[in-house]
Amino acid sequence: MKDQLHALFSQAINTLKSNQVIPTDHQVNLVFERTRQKEHGDFACNIAMMLAKPARKNPRELAALMVEALPSDPLITKVDIAGPGFINVFLASDAHTSVLKAIFDKSDQYGLGKPNSKQKIMVEFVSANPTGPLHVGHGRGAAYGDALARVLTAAGNQVEREYYVNDAGRQMDILAVSVFIRYLQAMGLSVDLPDNGYKGQYVINMGASLAQQHGNKYIVSIDDIVKARSNLEDEAALDATIALTKERLGAKGYKLFFDLALNSILDDIKQDLSEFGVDYDTWYSERSLFDSGKIERAVEKLKASGDVYEKGGAWWFRTTDYGDEKDRVVVRDNGQPTYFASDIAYHQDKLDRGFDLAINVWGSDHHGYIPRVKAALQALGLDQNRLNVLLVQFAVLYRGGEKVGMSTRSGEFVTLRELREDIGSDAARFFYAQRKSEQHMDFDLDLAKAQNNENPMYYVQYAHARICRLFENAVGQSIDVTNLADADFDQLGNDQESTLLTALQRFPEVVEKAAQHFEPHQITYYLKDVATAYHSYYNSNKVLDTEEPRRKAMLALSAATKQVIYNGLTIIGVRAPESM
RNA sequence: GCGCCCGUAGCUCAACUGGAUAGAGCAACGGCCUUCUAAGCCGUAGGUUACAGGUUCGAGUCCUGUCGGGCGCGCCA
């Protein structure tokens, strides 16, 4: 539709250029917008205002010349000049009803771009440390990341989802030691869990199951640390405890605790996300970057190019050369690579895998990290624009009007699983998907749990279910509901019908725009618009009581609406129920 | 102190990415169920878009400053 308008207006502009009204070398960027009000027609074009200056004419005068030069076309019934110089285009009714044919032709492909016709994109999201169950904060990243992946796919991109598993860091060691201490406790020993260990119930459970499985096989003393701890700083005590545990248990014994902790939590996370409707193509292990030597090679390469230098026994990356605030350590003075070193190798590997674009969905607390990762890509000779980091702001949780603390180590948090069990995956996904990523979000748990009316998802789903019931009733009354695509669409045209038709017509544009700006929330708002248009229509038009042939056209419009709601909800990852 | 994000109706959020009279839901008020699902519809009320300047035909949107909130500023991950 916009393409056709574009072609017609381009002709007009060329005419004006050849008449010397507009400078011939001037670049013209034609934009058509849907109007907000019916009196302004279907589309508005602001081109006359844009060209007013180069053409040295006032906008309304220029608009008049433009309209004059516009070739006539059956698509357009009327063209108005309004306001400061908008050109308002009124479309023929065929132009409205033609959308129905498109919907029947393409059904579940309507609104979607040609598959794999655009970029190859990776979306990496959630990637929470496997040190505990996912909480509702991760839920936002999961819902946003997955909806984004779906929107990008819908727009015609080839998309892969990835979860980066931080299975190599200190946090994992802290977890393993926490499990070990819970194991000792389960065996009846009196050992205290350090204050900064992992305190969740799931750690106790793991310790207990290990005790049951292996008995006293792994009981070793770490009392010396416990006794000495009062002399150490908290974090230092923890590191000492880790070191001693490794030493006393031996590599094999330690690995048992480590792997059990890692695998059981990772399995839990996978299942949790899968039940949330989020399925990944790859689970990328940080440890594999060590094992494959990719980290070492990346660091060597940076040393060779002079981007990494030695100072105070550690190796520093000259990120300041690429706009970062200060240089960053990649290899510590004890020879251990930092998390940043893994991340350099990881992002290099990502781009080496041939993605046109890698999108990272990160929590906003990681924003300071972006410059150094981009610096690394540049230093490695990669185009930093191939990496796009999208920040998701924290959801601040409220319960009973009070803020709820969120700390994985302390074990005080609301899990994603609890939320899903309270309100269901669909409602949770829709609720999260409504917000754009950088918008701060207050999450009232009482409201979320009590949420019936409050969640607009029900409103959208209800429209879908209503249409399903309408068709059941039609069949029950032996009304012919076949070959709706052949209905006489000229039978449609009252206010509610044209509002609805316009809404249905917008769908492809909305999908495209949502993908372009990484804004899946646009789909949810669009769906609410469609649902509103349909509910309103439904209330004042009794479909089944209407005489043929109009009734068939009304059924066609209803079926088309149902299809669009289904397609839209699928993009958000929410089911479209047949009944409610 | 420096950096990033945010500030829109009583509350939670939109606003086609610079367009025309800033819109929804919830909460409030008034109507609509013997007729296809009332988880719905129709209507009323609610705004100096934090504040002050600037850019231009045109600003909630861009720039500068101020105020307020969130988050960062480790040889943690």
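Lettering follows sequence order; numbering is per chain, from 1.
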* Considering residues at least two apart in sequence or located in another chain, which fulfil the salt bridge (charged side-chain N to carboxylate O under 4.0 Å, His left out) criterion with A/Lys513? -> none

* To do: Can you sort out the partners of A/Asp167 under side-chain hydrogen bond (donor to acceptor under 3.5 Å, both in side chains), two or more places apart, ordered by chain and number?
  => A/Ser285

* Structure fact -> Sequence neighbours excluded, the answer for side-chain hydrogen bond (donor to acceptor under 3.5 Å, both in side chains) partners of A/Gln563 is A/Asn567

* Indicate, with yes or no, if the rings of A/Trp362 and A/Tyr369 have centres closer together than 6.0 Å. => yes

* **Residues in contact with RNA chain B, drawn from residues 498-513 of chain A - heavy-atom cutoff 4.0 Å** => A/Lys513

* Pairing residues for A/Gln37 by the side-chain hydrogen bond (donor to acceptor under 3.5 Å, both in side chains) criterion, not counting sequence neighbours -> A/His40

* Sort by first number and list every stem of RNA chain B: at least 3 consecutive Watson-Crick or G-U wobble pairs, both distances under 3.5 Å. => B:1-7 with B:67-73, B:10-13 with B:23-26, B:28-32 with B:40-44, B:50-54 with B:62-66

Indicate every side-chain donor-acceptor pair of residues 329-339 of chain A with a distance under 3.5 Å to a residue at least two apart or in another chain.
unit_1: A/Arg332; atom_1: NH2; unit_2: A/Pro337; atom_2: O; d: 3.4
unit_1: A/Asn334; atom_1: OD1; unit_2: A/Gln336; atom_2: N; d: 2.8
unit_1: A/Thr338; atom_1: OG1; unit_2: A/Val329; atom_2: O; d: 3.0
unit_1: A/Thr338; atom_1: OG1; unit_2: A/Val330; atom_2: O; d: 3.3
unit_1: A/Thr338; atom_1: OG1; unit_2: A/Phe340; atom_2: N; d: 3.4
unit_1: A/Thr338; atom_1: OG1; unit_2: A/Ala341; atom_2: N; d: 3.3

* Go through the structure and list residues passing salt bridge (charged side-chain N to carboxylate O under 4.0 Å, His left out) with A/Asp529, not counting sequence neighbours. => A/Arg506

* Would you classify A/Ala168 as touching base, sugar-phosphate or nothing, given that sugar-phosphate means primed atoms plus P, OP1 and OP2, and contacts are heavy atoms under 4.0 Å? => nothing

* To do: With sequence neighbours excluded, tell me which residues meet ring pair (Phe, Tyr, Trp, His ring centres under 6.0 Å) with A/Tyr284.
  => A/Tyr346

* To do: Under 4.0 Å from any atom of RNA chain B, heavy atoms only: list the residues of residues 557-564 of chain A that qualify, in numerical order.
  => none

* Residue list, salt bridge (charged side-chain N to carboxylate O under 4.0 Å, His left out) with A/Lys38, at least two apart or on another chain -> none

* Check side-chain hydrogen bond (donor to acceptor under 3.5 Å, both in side chains) between A/Arg551 and all other residues, then give those that pass, not counting sequence neighbours. => A/Glu548

